Every structure is written in C-alpha cells, then in structure tokens.
Amino acid sequence: MIESILKIGQSVLESGSGGELEFLKAQAETIKGYNAAKKQYIAVLELTTSTKNINVQHREIDDDTPSEFLWLENAPRASFQDRLTTNNLKYLVSQSIPMLANLLPKGSELKKCLMYIRRNFFLDLGSDRERYRYIVNPELIFSGKQFQSGKSKGKDIWKEIKGDWETTQTNAQPKDLPDKLAKLIQKRLLPRDVLLFTISLDGEILVHHPDYQAHLYKVKAKAPFEDVKQGVCHLTGNFGKVTANTKNFKFKYYITDKLGFSSGFKKLEQGGFDSTFAIGEGAYRALLCGERFIRREMRLNGLGRCSVYLIPDFHTSFVKGFSQTLVDITDSINWVGKKLRAVEEELEEQLEDNPLSTYLLNFLFFFDDGQKFKVTRLIQDVPTTRLTHITRAGIKAGEVGKRYFTETNQWKISLNKMYFLIPVRKKQEQRILTLYESLFTSQNVQSSILIKDFIELAKVYSFPNLLEHGGYQISDPTKDVNRDQSKSNHQLLDNALVDYIANTQLLLWTIRELKLLKEGKMDNDDWIAHLEVGDNYKDYIREMKFNEPQAALFFLGSLIGSIGSVQASRADDGQGKKVILNKLNYQGMSFHRIQRLATELFEKLIQYKVLPYNEAFHAEAKRLLEPFANKPEEWKLTPYENVYYILSGYSYSVLQSRRQARKKAQAKNQTNNQRNETLGGNDDN
C-alpha cells in the first residue's frame with residue numbers, strides 16, 4: 001500500500017511546479033465543518049502600522065481557501081503554536097505571532113515584522129510561561145469603526161466593554177485570557193460560521209510571505225532530515241539523506257512496538273529502523289502529499305458510519321495530472337456504494353469506461369477524533385470488478401424483496417444497508433468490517449455467525465430499553481420525525497422488527513448469490529412441491545433455499561404472525577401488542593423448547609379461533625419436526641438459528657398481510673374511482 005501512496009503523492013507534485021509552495025498547497029487540510037452550499041467565512045485580523053489599528057474583516061470561504069491561506073492544521077498541542085492560519089482564534093491573538101518570531105532565523109524580514117507587531121499590538125502579561133505571556137491589545141481591536149456581516153457598526157465598542165475586560169484581565173489566569181478574548185471578538189465583531197482565522201499587516205496576508213512558507217516547508221519536509229545519515233531509500237532506491245522518523249505521517253506504515261522489527265533491537269531515535277524502513281527526502285515529501293490527497297479527496301461514503309479511505313493500488317506508471325483520475329475513482333465507488341440504480345444495464349453503462357476497470361483497491365478503515373488516528377482495518381487488493389458483482393447481487397436481492405414482500409424499492413441490499421443489519425456498538429466496528437472484508441475478498445461467510453448477530457439486533461427492536469441505552473448504531477423508529485402518527489410505539493417497533501428480519505433474509509440471499517455463504521447443503525428441493533401450503537410460501541422457501549428444519553421453524557413463525565394479528569386487534573390498551581412474541585427467547589431456543597412451542601401454538605390457534613386458516617401450516621411444521629423427535633441430536637440448527645427462522649416466518653406472515661391489505665385498498669380505490677367516473681358521466685348526460 002505504501003507504494004501506492006507514494007505514487008499518488010508523486011502524481012500530485014508532478015501536476016504542479018514541484019516547488020516548495022506547491023508542496024505546501026498539496027498539504028492543505030480540509031476545513032472542518034465546511035459546506036459548499038452554505039455561506040462560511042475566514043476572518044482576517046488586519047493590522048495597520050500607520051494608525052496602530054486592528055480591523056476585523058471576513059471573507060467567504062470556497063474550495064480554494066485552504067490552499068490559498070495555507071491551512072495546514074495547528075501545530076501539535078505539545079508544541080508552540082506557530083501557524084498564521086488557524087481554526088482557533090485564541091492562538092492567533094496570543095502565542096502564534098510571538099512564537100513564530102522566536103522560531104524564524106535572524107535576518108528574516110518576516111521575523112522583523114512579527115517583532116514589530118508584538119511590540120506595538122500586543123500586551124505583555126508578564127507570565128513566566130512563554131506561550132501565555134503575550135496577548136493582542138483588545139483596545140486596538142474594539143476601538144473605532146468595525147465591520148460585522150459587511151455593515152459598518154460605526155461605534156467604539158471598547159467604551160462598552162473596557163470595564164468588564166479590565167476586571168477579567170485582573171481576575172483571570174493568563175492562560176485563560178486568549179480564549180476569553182477570542183470569544184469576545186467572535187461575538188461582537190464576526191458573523192456566525194467563521195471557520196478559519198488569519199492575519200495581515202498593511203494589506204499583506206502574512207501567510208503569503210516567503211519566510212513563512214520557508215518556515216512551514218522546513219517544519220514539514222526538512223526537519224526530519226536534520227542530523228541524519230546517508231543511505232538508500234527503501235521506496236525509490238535513491239542514495240542520499242534518509243530518515244526513519246514518521247511522526248509527520250497520519251498513516252502508520254509499520255509496527256514500532258515490536259522489538260524484533262528493529263535492526264539490532266535499537267530504538268527509533270538510535271537509528272534502529274534505518275536499515276529496515278529508511279525514507280529519502282523525495283519519497284518523504286511524496287508520501288506526505290499522497291496521504292494528504294487521500295484524506296482530502298478519497299474518503300468513501302455509503303459504508304454506514306464507517307470512516308474509510310480508498311487507496312488504489314497501481315501497477316502502471318503515472319502521468320502528469322493523474323490526480324483527477326483518482327478523484328474520479330472515488331466518486332465512482334461512492335456512486336456504487338450509495339447511489340444504486342435499479343436497472344443492471346444502467347449500472348454497466350456507468351462503469352463501462354471508468355478507471356475502476358484497471359486497478360486493485362485498498363480500503364483503509366480508521367478512527368480519527370482529531371487528536372488520534374487509528375487504523376481499524378485494512379482490506380487490501382480488492383479487484384475493482386468485485387464491487388460491481390456486489391452491487392449487482394444487491395440489486396437482484398431488491399427484486400426478490402419486491403416480489404415477495406412489498407412492491408417498493410426499499411429492499412435493495414447495499415453496502416450502506418449492511419452496516420445497519422450487523423450489531424455495531426460503541427464504535428466497535430469489527431463485525432461489520434469482517435463482513436465487508438469477506439465480501440471484498442471473496443471469503444466464505446458462515447451463516448450461523450451472521451444469524452447470531454441478527455438475533456442480537458432483533459432483540460433490540462423487541463426491548464426498547466436496549467434501543468435507547470444499548471449503544472447500537474440503529475435509530476429508534478418511535479422518534480422518527482416521519483413516523484406514522486396513527487401507530488403506537490409498540491406497533492412502530494414491531495414493524496421495524498419485521499422489516500429488519502426481511503432485510504437480513506435478503507442479505508443472506510445476496511451473500512449466497514455471490515457464492516460466499518457457508519451453510520448446510522440441501523440435497524434437493526423436491527420435498528417443497530409436496531408441502532400443503534400456498535404457492536407463495538413454497539416459492540419463498542425455494543428462493544431462500546430453506547431445508548426441512550428451517551421450513552418447519554418458518555411455519556411456526558407464520559403461526560405466531562397469525563395469532564399476533566388477532567391479539568393486536570383485541571388489545572385493550574390500544575397499543576396493538578402481540579403477547580405471543582413473548583414465547584420467543586432471544587438467548588436461543590433448544591429443539592425441545594421448539595417442540596413445546598409447537599404444542600402451545602396449536603392451543604393458541606384454537607383459543608383465538610384461527611386454526612381453520614392455519615391448520616395446514618401447523619400440520620406441515622409438525623410433520624417436518626417429527627423425524628427429529630426421537631433423534632434430537634440430529635437437529636443441526638443452533639439455538640440462535642431456531643429463533644431466527646421462527647422470526648423469518650413471522651416477518652414473512654406480517655408482510656404478506658400488509659401486501660394483501662394494500663391490494664384490497666387499491667382495489668377499493670379503483671372501484672370507487674370507477675363509480676365516481678360513471679356518476680360523473682351520467683351527470684354530463
């Protein structure tokens with residue numbers, strides 16, 4: 001993977017002049033919270049030497065703002081802040097200018113400017129901690145004409161706030177003053193949605209000063225090569241200065257906590273990694289640019305809430321300007337994952353002339369809270385055509401759902417939907433990442449493990465307390481702003497459970513379509529034709545490739561659906577509760593418990609007077625269970641699978657009732673419309 005990142009970085013650098021400024025622009029960070037559809041701003045502290053005045057202006061942000069103003073993130077927290085473009089105003093009104101002045105070499109023109117600014121525009125608080133010693137003089141900011149949202153305020157704010165500020169300055173600790181001053185500036189002088197801050201002197205934006213750019217270049221590209229030895233770069237084979245210092249990289253390319261990795265068992269600072277992983281200056285710059293390009297342009301959508309970067313693995317040499325092709329690749333993957341079309345031919349047309357047909361892909365899943373970057377899974381060498389196969393299988397699954405459940409487009413199985421079918425709690429995404437990896441790399445998926453996961457989430461829909469406090473990734477249907485107000489919370493949760501189980505059936509179908517589902521083999525399906533149930537049930541059992549035990553449980557679930565429907569209609573509390581579902585144990589049910597359930601359901605069918613409509617289902621369930629009555633050890637389904645296939649039958653039964661109700665409603669509407677048209681015609685006559 002590192003070779004691919006290197007090539008991406010080389011392409012980015014080759015697309016420009018290759019100079020220091022081009023390198024810095026390539027390092028520009030994405031602005032947190034930036035939305036191209038909204039009006040957002042960068043604020044400029046405009047210092048004027050002739051009047052000793054600080055004016056606070058703002059400009060609208062666009063896509064070029066990060067590179068134009070060299071937004072390269074703030075310095076690490078443990079370091080002195082030395083950036084003149086920042087997303088935290090408190091740095092700019094306190095330590096950035098004094099600290100940068102100290103870091104610049106003697107004779108630097110910018111150093112002289114910054115020292116002048118410190119003397120004339122800053123207050124010395126006398127703190128013995130250097131980073132908290134200086135702060136911008138607030139009187140110079142709040143006196144005179146200021147601007148807010150493009151309109152002149154035309155009054156001296158300082159007169160209003162002077163007393164309060166002097167009290168604050170007297171009572172507060174020096175380290176707290178920058179934050180208080182920054183908030184005051186933002187409240188009184190700036191509009192909302194200011195995302196970045198920078199500074200100018202007599203009309204010159206200081207980040208454009210060559211000395212500032214040279215300083216940033218030194219920090220980013222030169223500092224790791226100070227006091228290093230000569231050697232051969234392990235990536236390019238070039239001889240020259242090399243380093244094993246990877247602190248500036250977000251992606252970690254090797255494990256540094258294993259002693260056996262380091263040559264001679266030396267620590268990093270002793271050069272122990274130089275013979276194992278040495279990087280030359282050119283490769284170092286290219287890796288930084290490659291990483292930054294990936295983080296800015298190659299983040300994927302459509303994989304649930306997972307954070308993931310796409311890194312193409314190239315086996316061909318780059319050409320200048322190839323970086324746009326990389327963006328096209330990512331856009332295409334995002335399209336495949338999130339914007340599926342219903343027609344397979346249309347999908348083929350979208351992908352026919354796309355760069356996806358050429359490269360292998362790496363998926364880097366990660367966690368990044370702004371302070372810590374951690375790789376959670378790297379899925380390597382995924383053929384580009386694999387995504388096409390997954391998409392096609394998901395589209396076909398959607399057609400199966402339309403055929404057996406409801407005639408809507410809600411049933412397609414996408415990578416995004418998969419995320420919400422597998423339990424993900426407290427940012428622990430390993431289960432879903434394992435499924436993605438299996439699908440991407442054509443590894444078998446064990447159905448029993450998936451089904452155990454399905455039952456875990458099914459339980460959440462049945463116990464609202466788990467939904468609220470369990471930390472799962474799924475949303476609460478009772479709190480959906482678009483929920484059906486005519487239904488009780490219990491009914492909404494039950495509908496969500498029904499839809500969830502149906503979707504898991506389609507996920508299993510999708511994986512089976514990809515020939516990756518590891519499950520018990522069915523010798524033949526001749527027995528299905530002899531079932532004494534409706535053709536729609538037989539067709540569904542055949543479609544889902546149920547064996548006899550699974551079909552028996554499926555029929556028991558159908559009986560629960562029928563009994564539950566009656567219970568819901570008779571519920572005195574108006575909640576539509578289906579008490580029969582309490583017979584299910586989400587911790588799993590043994591075969592003997594299944595036998596007892598079959599008997600209990602028969603009694604309930606009689607009690608609720610629905611046996612005549614369900615006698616065939618019960619008879620078939622009993623017949624299919626009978627061979628195992630004296631040989632329970634031959635029952636191969638796990639306790640979780642027993643519950644799952646019962647729920648599958650329950651879900652199918654409810655969806656069939658919905659389907660029939662919808663057809664009756666449509667037929668009634670059609671009859672009414674025809675009657676109205678007839679009556680209208682008679683009136684005309």
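These numbers come from a predicted model, not from an experiment. Hydrogens, waters and symmetry mates play no part in the numbers below; they use all other heavy atoms, side chains included.
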> With sequence neighbours excluded, what pairs up with R131 under the salt bridge (charged side-chain N to carboxylate O under 4.0 Å, His left out) test?
Replying inline: none
> Can you name the residues that form a side-chain hydrogen bond (donor to acceptor under 3.5 Å, both in side chains) with D193, not counting sequence neighbours?
Replying inline: none
> Heavy-atom count around K111 NZ within 6.0 Å, excluding the residue itself: above 12?
Replying inline: yes
>> Holding to side-chain contact (heavy atoms from CB on, under 4.5 Å), I want the full list of residues that pass it with R305, two or more places apart in sequence or in another chain.
In response: Y419, F420, Q473
> Partners of K52 by salt bridge (charged side-chain N to carboxylate O under 4.0 Å, His left out), sequence neighbours excluded?
Replying inline: none
>> If the condition is side-chain hydrogen bond (donor to acceptor under 3.5 Å, both in side chains), which residues does S307 pass it with, not counting sequence neighbours?
In response: R299
> What pairs of residues pass the ring-ring contact (aromatic ring centres under 6.0 Å, His included) test when at least one of them lies in residues 166-219, not counting sequence neighbours?
Replying inline: F23-Y217
> Who pairs with E130 by side-chain hydrogen bond (donor to acceptor under 3.5 Å, both in side chains), at least two apart in sequence or on another chain?
Replying inline: none
> Just wondering, are more than 12 heavy atoms of other shown residues or ligands nearer than 6.0 Å to NZ in K180?
Replying inline: no
>> Quick test of your reading: applying side-chain hydrogen bond (donor to acceptor under 3.5 Å, both in side chains), list the pairs with at least one residue in residues 31-48, sequence neighbours left out, ordered by first then second residue.
In response: Y34-D63
>> Is the ring pair Y436/F365 parallel, tilted or perpendicular, if the boundaries are 30 and 60 degrees?
In response: parallel
Sequence neighbours left out, cut at 3.5 Å: what donor-acceptor pairs do the side chains of residues 171-179 make with other protein atoms?
from : atom 1 : to   : atom 2 : distance (Å)
N171 : ND2    : T167 : O      : 3.2
D179 : OD2    : K183 : NZ     : 3.3

> Under the side-chain hydrogen bond (donor to acceptor under 3.5 Å, both in side chains) test, which residues partner R377, sequence neighbours left out?
Replying inline: Q430, T434, E437
>> Quick test of your reading of the model: are R295 and E29 salt-bridged, counting only N-O distances below 4.0 Å?
In response: yes
> How would you list all residue pairs meeting salt bridge (Lys or Arg N to Asp or Glu O under 4.0 Å) that involve residues 116-129, not counting sequence neighbours?
Replying inline: D124-R133
>> If the condition is side-chain contact (heavy atoms from CB on, under 4.5 Å), which residues does E226 pass it with, not counting sequence neighbours?
In response: K218
